[in-house]
Protein chains: 2
Amino acid sequence: MKIMHKEHTLTKNQQIIFDLIDKSPEPLKAYSILHNVQKKGIKAPLQVYRVLDKLIEIGKIHKIESRNAFIACHNSSCQVAKATAFSICEMCEKVTEISSAGLSKYLANFKDKDGMKYSKYNLEFFGLCKKCRT
Amino acid sequence: MKIMHKEHTLTKNQQIIFDLIDKSPEPLKAYSILHNVQKKGIKAPLQVYRVLDKLIEIGKIHKIESRNAFIACHNSSCQVAKATAFSICEMCEKVTEISSAGLSKYLANFKDKDGMKYSKYNLEFFGLCKKCRT
DNA sequence: TTTAGATTGTTATAATATAACACCATGTAA
DNA sequence: TTACATGGTGTTATATTATAACAATCTAAA
């Protein structure tokens, strides 16, 4: 059964910032985004943060909490906005979104001591990527 | 088999700040810590951050990344410094460290697509705590 | 004792994020 | 049409979180 999602038509600012993040091979920081879009008329931090908040809300991007950086979602968009997992290389800072059915199933069904389940989670794995291990 | 850990004798500043965090029922923010220890002679942010870094390194406290706040470790101290899991109530902001053998085993053994394992992880679950759900 | 390492104290500054307010665009309901 | 609700924008100012750089001190081990 296919879950339907509302299509969010991005506004001008949202599109500019999303494109930038989406094209980036690495997570971008808010002020780096700001510097990159100033020529397009987005001049103030708040304009960037507002767009980032919105893009996160609709699942187009995720925040890498341990790095204060933002990355485009590559897991069939917004479906996993509330259940995110990443691997982070501590050497080169490469970040990859993990899409593992097993992992997301395990975490979605995880119950704590009191039997409580959680609707939302963020998991960050740290280590050395293939390249940096050699 | 019992794993041995080096005993870290805390210095004066480290002890002051650890005691404060350890006694707190909730995660503390760096500048809140600063305000609370200024009467004890710790006057500058950097003094606080240095101690926080050290306490994290030796596993006495953890950082709640999504909240920029610090909490004492209650899982037999430093053993799990590199494998942390928390539940966070989005209403009252109560944070609890999760100690589940099953969970830590699952995550420690998790392999990504490339068969890579990670030595370190941080997991944050979000939801409503018992109290806030009623 | 001397050297290495960690810790401290201090001033300044960088990096990350939000408050508050006015204005504008769009859709929709009376 | 009006009016009103919602969400987005632009702007200035400010709050919050964190680090740089440098000198002094302490402690443990050679």
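Atoms considered below: every heavy atom in the structure, side chains included; atoms not considered: hydrogens, waters and symmetry mates. On a predicted model such as this, the values are computed, not experimentally measured, just so you know. Order of the sequence lines fixes the chain letters, A, B, ..., with proteins taken first and strands second; residue numbering starts at 1 for each chain.
E97(B) places a side-chain N or O within 3.5 Å of a backbone atom of H74(B) that can act as its donor or acceptor partner. Remark: side-chain polar atoms of K60(A) are not paired, donor with acceptor, to backbone N or O of K54(A) under 3.5 angstrom. Side chain of D22(A) to backbone of F18(A): no donor-acceptor contact under 3.5 angstrom is found.
With a 4.5 Å cut-off on side-chain heavy atoms, K94(A) and K131(A) do not count as touching. Residues I88(A) and S66(A) have side chains in contact (heavy-atom distance under 4.5 Å, counting atoms from C-beta outward). Contact annotation: the side chain of L103(A) approaches that of Y106(B) to within less than 4.5 Å [non-hydrogen atoms, C-beta and beyond]. For the pair F86(B)/L123(B), no side-chain contact is recorded, criterion being any heavy-atom separation below 4.5 Å from C-beta on. For the pair I98(B) and F110(A), the minimum side-chain heavy-atom distance is below 4.5 Å. Residues E65(A) and E124(A) have side chains in contact (heavy-atom distance under 4.5 Å, counting atoms from C-beta outward).
Contact annotation: side chain of Y31(A) to base of dA17(C), donor-acceptor pair present below 3.5 Å.
Applying the 4.0 Å criterion to OP1 and OP2 of dA18(D), one finds that N68(B) has a side-chain N or O inside that range. One finds a side-chain N or O of Q47(A) lying less than 4.0 angstrom from the OP1 or OP2 phosphate oxygen of dG10(D). An OP1 or OP2 oxygen of dT7(C) is reached within less than 4.0 angstrom by a side-chain nitrogen or oxygen of Q14(B). Remark: K43(B) is in phosphate contact with dT10(C), judged by side-chain N or O atoms under 4.0 Å from OP1 or OP2. Close to dA6(C), at under 4.0 Å from its OP1 or OP2, lies no side-chain N or O of T11(B).
Separating the CG atom of D53(A) from the P atom of dA17(C) is a distance of 10 Å, rounded to the nearest angstrom. Rounded to whole Å, atom C1' of dT18(C) lies 16 Å from atom CZ of R67(B). Between the CG atom of L52(B) and the C1' atom of dT8(C) there is a distance of 15 Å, rounded to whole Å. Whole-Å rounding puts the I17(B) CD1 to dT7(C) C1' distance at 12 Å. The CD1-P distance, from I58(A) to dG7(D), rounds to 13 Å in whole Å. Distance CG (L10(A)) to P (dG7(D)): 16 Å, rounded to an integer number of Å. Atoms CD1 (I56(B)) and P (dT17(D)) sit 14 Å apart, rounded to a whole Å. If you take CD1 of I42(A) and C1' of dT11(D), they are 14 Å apart, rounded to a whole angstrom.
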Sugar-phosphate atoms are those with a prime plus P, OP1 and OP2; base atoms are the rest. Using that split, label each nucleotide of nucleotides 25-30 of chain D B, S or - for protein heavy atoms under 4.0 Å, 5' to 3'. ------

A correct 5'-to-3' footprint of nucleotides 21-26 of chain C, with B, S and - meaning base, sugar-phosphate only and no protein heavy atom under 4.0 Å, is ------

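Nucleotides of DNA chain D nearest to Y49(B) and G41(A) differ in position, and the one nearer the 5' end is that of G41(A).
Near DNA chain D, defined here as any heavy-atom distance below 4.0 Å, there are no residues from residues 86-95 of chain A.
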Before you tell me yes or no, could you show the steps for K113(B) and S99(A) under side chain to side chain contact (heavy atoms under 4.5 Å, CB included), namely the whole-Å CA-CA distance, both residues' side-chain angles and the distance that decides it to 0.1 Å? CA-CA 9 Å; K113(B) 274 179 188 158; S99(A) 49; 3.7 Å; yes

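Under the 6.0 Å cut-off for aromatic ring centres, Y121(B) and F126(A) do not qualify, their centroids lying 6.0 Å or more apart.
Looking only at atom types and distance, the side chain of T84(B) has a donor-acceptor partner in the side chain of N122(B) under 3.5 Å away.
With distances taken from any side-chain atom of K54(A) to the nucleotides dG8(D), dT12(D), dT7(C), the minimum falls on dG8(D).
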